[in-house]
Amino acid sequence: MNFVAFALQVLAQTLSIYTLFLLARVLLSWFPNLDWSNPILSSLSAITDPYLNAFRGLIPPVGGLDLSSLVAFVALQLAQGLLGFGATSLATSGIGY
């Protein structure tokens, strides 16, 4: 496998891990009594909130529900799929050998 395909695959896997962090952050937001000053929770918030805030500025809450996280997940899955597809097509095409 060439370097570009490997780098794309690593990026796709990184986005997969980030998706898990994002899912944990969204699920934990359903519990209003959590202490977000806890080091683990504050780290999770620091990692995921900048990405979520980009979508919160685009989509206003509807009826008190923040639907921006759904769009954030779709965008993340789309990027992950494109990177994975690019890595697979580069690896199977033989370009770069």
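What you see below is based on every heavy atom in this structure, not just the backbone, and it leaves out hydrogens, waters and symmetry mates.
In terms of modelled atom types and a separation under 3.5 Å, the side chain of S45 and the main chain of S42 share no donor-acceptor contact.
When the side chains of ILVMFWY residues are joined at heavy-atom separations under 4.5 Å, either directly or via intervening members, V4 and L15 end up in a single hydrophobic cluster. V74 and Y51 end up in different hydrophobic clusters when Ile, Leu, Val, Met, Phe, Trp and Tyr side chains are linked at under 4.5 Å. Under the 4.5 Å side-chain heavy-atom criterion for Ile, Leu, Val, Met, Phe, Trp and Tyr, L76 and L58 are members of the same hydrophobic cluster. Residues I47 and L27 are members of one and the same hydrophobic cluster, defined by side-chain heavy-atom contacts under 4.5 angstrom among Ile, Leu, Val, Met, Phe, Trp and Tyr. Criterion: ILVMFWY side-chain heavy atoms under 4.5 Å apart, direct or through other members. Under it, F31 and F21 are part of a common hydrophobic cluster.
More than 12 heavy-atom neighbours from other residues, nucleotides or ligands sit within 6.0 angstrom of CH2 on W36.
Residues A87 and A5 come closest through the heavy atom pair CB-O, 3.4 Å. Of all heavy-atom pairs spanning A12 and Q80, the tightest one is O-CG, 3.6 Å. Shortest non-hydrogen contact noted between N2 and L90 is ND2-O, 4.4 Å.
Residues L52 and S69 have side chains in contact (heavy-atom distance under 4.5 Å, counting atoms from C-beta outward). Residues L70 and F55 form no side-chain contact, since every pair of their non-hydrogen atoms from C-beta on lies 4.5 Å or further apart. Taking 4.5 Å as the limit, every side-chain heavy atom of L8 sits out of range of all side-chain heavy atoms of F85.
Between I17 atom CD1 and L22 atom CG the span is 13.5 Å, to the nearest 0.5 Å. Remark: Y18 OH to L23 CG distance equals 12.5 Å, nearest 0.5 Å. Here the CD-CG distance, from Q77 to L82, works out to 11.0 Å after rounding to the nearest 0.5 Å.
Under the salt bridge (Lys or Arg N to Asp or Glu O under 4.0 Å) criterion, the residue pairs touching residues 19-37 are R25-D49, with sequence neighbours excluded.
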